[in-house]
Amino acid sequence: MSRSDSPISNENFLEQIINEDLSNGFDKNKLRFRFPPEPNGYLHIGHAKSICLNFGFGKTFSSPVNLRFDDTNPEKENITFINSIKEDIKWLGFTWDSECYASDYFDKLFDWAIHLIKNNNAYVDSQDQETISEQRGIPTSPGVLSPYRERSVEENLDLFNKMKEGGFLPGECVLRAKINMSSPNMHMRDPVLYRIINHDHHRTKDKWKIYPTYDWAHGQSDYIENISHSLCTLEFLVHRELYDWLIAHIPKEKEILPKQREFARLNLSYTIMSKRKLADIVKLGVVSGWDDPRMPTISGLRRRGVPPGAILNFCDKVGVAKRENIIDYALLDFCTREVLNKISHRVMVVLDPVELEIINYPENKSETLTAENNQEDESYGSRKLSFSKNLYIERDDFKEEANRKYFRLTLDKEVRLKNGYIIKGEKVEIDKEGNIKKIFCTYDPKSKSGSGSPESLRKVKGTIHWVDKNNYENISVNIYDKLFLSETPGENDDGDITTQINNESIKTFDGACAEISLRDATFDKYYQFQRKGYFKLDSKSSKIIFNRTVTLRDNIKY
RNA sequence: UGGCUCAUGGUGUAACUGGUAACACGUCUGGUUUUGGUCCAGAAGAGUCUAGGUUCGAGCCCUAGUGAGCCAACCA
């Protein structure tokens, strides 16, 4: 097969690395990956990239993927976050092999720390944080050695045990690896392995007074779990030297030495990925919560109506590489529409209603029309629509007069009522303020949709949606816009993310009129309000409230 | 007067062991259409940060610049 017609999509650099390892003799059955979130917040679209990457490798190599909570900082972590993380991963459609916790390895980690001490590779430093930080120096010049660096093994053992027993206050002392205070890599300048934290842990409760740092816990957890490839974002690249050093200095108990490799994190235009800043706008009440439909969290996107498949496609299209990137939000919208177009139930909803009366339609007549639920897929069936003399149409679907680029209803021109008849605007009733009160039209009785009559086959320029004034459901609709004003809000906020907030990011239409079928709207369905966009029933309300997921692609050129 | 990483159309990602740039989004045309949606057809848009070098030939290799990012938490 020639290169040009190869169906194989290009593998990213990480997949190439794995394939190289395989061709160098690494046993395919020993491949194992992991997704290691810290349970200190909700997962966002950036995490989705990492999830898709790791679980994606799990699929392409038929390898297990662990879900491991990096729970080494009890002050910031809690069970709520753990539960939300698990829910989000499941919703995306992935299944983890083992559910692991770094905290499960605290005993092991402690033993290995003793091992380091005994081998003169770690020591207890009795200086405060500020002093240690000063001694570490700056990247361009070497640091200075701690005066406690040469304590005897016995003394270190003694002090470390005392740390464990709660014999010291937080900040009084730490356990440090003894590596190289002149390394150009700051992380090699005797990094802290353990610190004292007086805080109950959500799993180990009050068992521990000391907690391992990220560097001490992460690589070792990978090692314990037999992770073959530990994939993380670029900012951890400088940690790799330490990652490898620590694994090289603990007892050799495992066959597989995990390999850390780094890729660029996802950035999305007009949004922030910083968990801290996301937590800030939640705390400040800028949004209603982590799952506010405007949030870039998985739960926010879910509530907004973005289907999991769209997120998966998006992560696939975004690619994996090592350079800084800002993905155009339009790509996410495209992925969302792409799947929603196939699966959504079409319905008619008038967001901003104005009355339309059909002059020549019999006064007390009412008829039932049939409409397809999804022209992309016949299996979605059809539904009944009620039609009568008085209807509601969208206020901006009418203009008394307009140029020929305007395809909607005007006086003297014909348009089709979707699934109904062809009508012609005749006159308008205007109130004292000059607002259109009511529109009058005539209809062609022979033009009924689907009747097959010559009249019904007539070409008209526009089709508008409508709802029967005598038979509709009043609903509320949330229309969302971007939460942030700037394309790169995190870079323009001068430390205060609230300065970047778009105050018009939500508009609610409480007087929307929906066809009656929406009385039976369900949470599991995705809807398209024809000509208006894709909508999802809000999962947090008992009333009928719809959230607009995304508009339809719009090509209007006036 | 540090170390490391990166640099390809507007955005993102490709280009096998070097053979003069591809795909997707976006943009623009036209067609179809009972959603200004979908679908179909097509177009514009980079000569690969700069300067040298190696080579018959370089986006790919080398050197030097330039620009961007990361690192000096007892966060992850």
Side-chain angles (χ1 to χ4, degrees), chain A residues 3-4 6 9-12 36-38 40 70 72-73 75-77 125 128-129 132-134 136-143 170-171 173-176 183-189 191-197 210-211 213-215 217-218 232-241 262 264 269 275-276 316-335 337-338 341-342 346 348 371-372 375-376 405-408 415-420 422 447 449-450 456-457 459-465 528-534 551-557:
Chain A
R3 189 159 63 101
S4 57
S6 165
S9 64
N10 296 301
E11 51 186 35
N12 64 53
E38 183 190 11
N40 68 340
D70 229 331
T72 56
N73 187 352
E75 288 177 327
K76 294 183 175 174
E77 298 150 4
D125 197 338
D128 60 37
Q129 188 170 355
I132 290 176
S133 172
E134 275 166 21
R136 190 136 39 211
I138 54 171
T140 50
S141 59
C173 50
V174 291
L175 184 74
R176 289 227 259 169
S183 170
N185 182 343
M186 297 299 287
H187 295 277
M188 298 302 275
R189 319 244 275 217
V192 170
L193 265 27
Y194 273 102
R195 75 282 210 200
I196 297 164
I197 298 177
I210 55 173
Y211 290 91
T213 54
Y214 164 83
D215 287 304
H218 199 96
C232 59
T233 45
L234 244 26
E235 62 268 30
F236 291 100
L237 205 162
V238 279
H239 292 248
R240 190 152 109 196
E241 191 180 358
E262 311 80 12
S269 64
K275 260 202 251 182
R276 206 205 76 228
D316 191 54
K317 283 185 169 26
V318 141
V320 181
K322 291 175 87 163
R323 59 174 132 152
E324 293 286 316
N325 61 77
I326 301 177
I327 309 295
D328 191 341
Y329 203 99
L331 182 62
L332 214 207
D333 283 343
F334 168 80
C335 293
R337 292 188 186 109
E338 190 182 36
N341 176 52
K342 296 197 186 86
R346 319 285 133 137
M348 292 200 285
E372 287 179 294
Q375 47 275 79
E376 301 288 318
K405 297 256 183 84
Y406 186 79
F407 296 173
R408 287 107 97 171
V415 295
R416 181 183 299 278
L417 292 174
K418 178 82 185 167
N419 300 307
I422 293 174
S447 66
S449 284
S456 74
L457 267 16
K459 301 287 175 205
V460 290
K461 206 146 180 200
T463 299
I464 62 173
H465 58 103
Q528 184 196 95
F529 293 0
Q530 288 191 106
R531 304 208 310 129
K532 283 287 145 189
Y534 296 99
T551 61
L552 257 26
R553 188 158 166 264
D554 196 350
N555 280 328
I556 300 179
K557 289 170 194 74

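We name chains A, B, ... by the order of the sequence lines, and we start the count at 1 in each one.
- Residue His187(A) places no side-chain atom within donor-acceptor reach of the base of rA73(B), judged by atom type and a 3.5 Å distance cut-off alone.
- Distance noted for atom C1' between rG18(B) and rA24(B): 27 Å (whole Å).
- Between rU35(B), rA76(B), rA73(B), one nucleotide has an atom nearer to the side chain of Ser133(A) than all others, and that is rA73(B).
- Closest to the side chain of Asp328(A), from the set rG12(B), rC75(B), rG10(B), is rG10(B).
- Both Ile132(A) and Pro184(A) sit near RNA chain B, but only Pro184(A) has its closest nucleotide nearer the 5' end.
- Residue Gln530(A) has its side chain nearest to rU35(B) when only rG2(B), rU35(B), rC25(B) are considered.
- Heavy atoms of His218(A) sit nowhere under 4.0 angstrom from any nucleic acid atom.
- Residue-to-nucleotide contacts include a donor-acceptor pair under 3.5 Å from the side chain of Arg408(A) to the base of rG36(B).
- The same atom, C1', is picked in rG36(B) and in rA15(B); the two are 38 Å apart, to the nearest Å.
- A donor and an acceptor atom never sit less than 3.5 Å apart when one is taken from the side chain of Gln375(A) and the other from the base of rU38(B).
- Taking side-chain N and O atoms only, Lys459(A) has a distance below 4.0 Å to OP1 or OP2 of rU33(B).
- Under the stacking definition used here (centres under 5.5 Å, planes under 30°), the residue Phe407(A) qualifies as stacked on the base of rG36(B).
- Pairing each heavy atom of Glu262(A) with each of Arg240(A), the nearest pair is OE1-NH1, 2.8 Å.
- Taking atom C1' in both rU63(B) and rU55(B), the straight-line distance is 16 Å, to the nearest Å.
- For the P atom pair drawn from rG59(B) and rC16(B), the interatomic distance equals 12 Å after rounding to whole Å.
- Under 4.0 angstrom from either OP1 or OP2 of rC25(B) there lies no side-chain N or O belonging to Arg553(A).
- For rG47(B), the base adopts the syn conformation, since its glycosidic angle falls within 90 degrees of zero.
- Taking only distance into account, the side chain of Glu376(A) meets the base of rG37(B) through a donor-acceptor pair shorter than 3.5 Å.
- When distances are taken from the side chain of Asn325(A) to each of rA24(B), rC6(B), rG12(B), the shortest belongs to rG12(B).
- For Ile556(A), the side-chain atoms get nearest to rG36(B) when compared with the rest of rA76(B), rG36(B), rU35(B).
- Nearest nucleotide to the side chain of Glu324(A), out of rG37(B), rG69(B), rG2(B): rG69(B).
- Rounded to a whole angstrom, the distance from the C1' atom of rA14(B) to that of rC23(B) is 7 Å.
- Under the 30°/60° scheme for interplanar angles, the aromatic rings of His187(A) and His239(A) are found to be tilted.
- When the C1' atom is used for both rC6(B) and rC60(B), the distance is 15 Å, rounded to whole Å.
- Atom P of rG26(B) sits at a distance of 15 Å from the matching atom of rG12(B), rounded to the whole Å.
- Residue Asn185(A) has no polar side-chain atom (N or O) positioned under 4.0 Å from OP1 or OP2 of rG2(B).
- Phosphate contact (OP1/OP2 of rC4(B), side-chain N/O of Arg240(A), threshold under 4.0 Å): absent.
- OP1 or OP2 of rC75(B) lies within a sub-4.0 Å distance of a side-chain N or O belonging to Arg195(A).
- Within the 4.0 Å cut-off from OP1 or OP2 of rC75(B), not a single side-chain nitrogen or oxygen of Thr213(A) is found.
- Going from the P atom of rC25(B) to that of rU1(B) covers 50 Å, rounded to whole Å.
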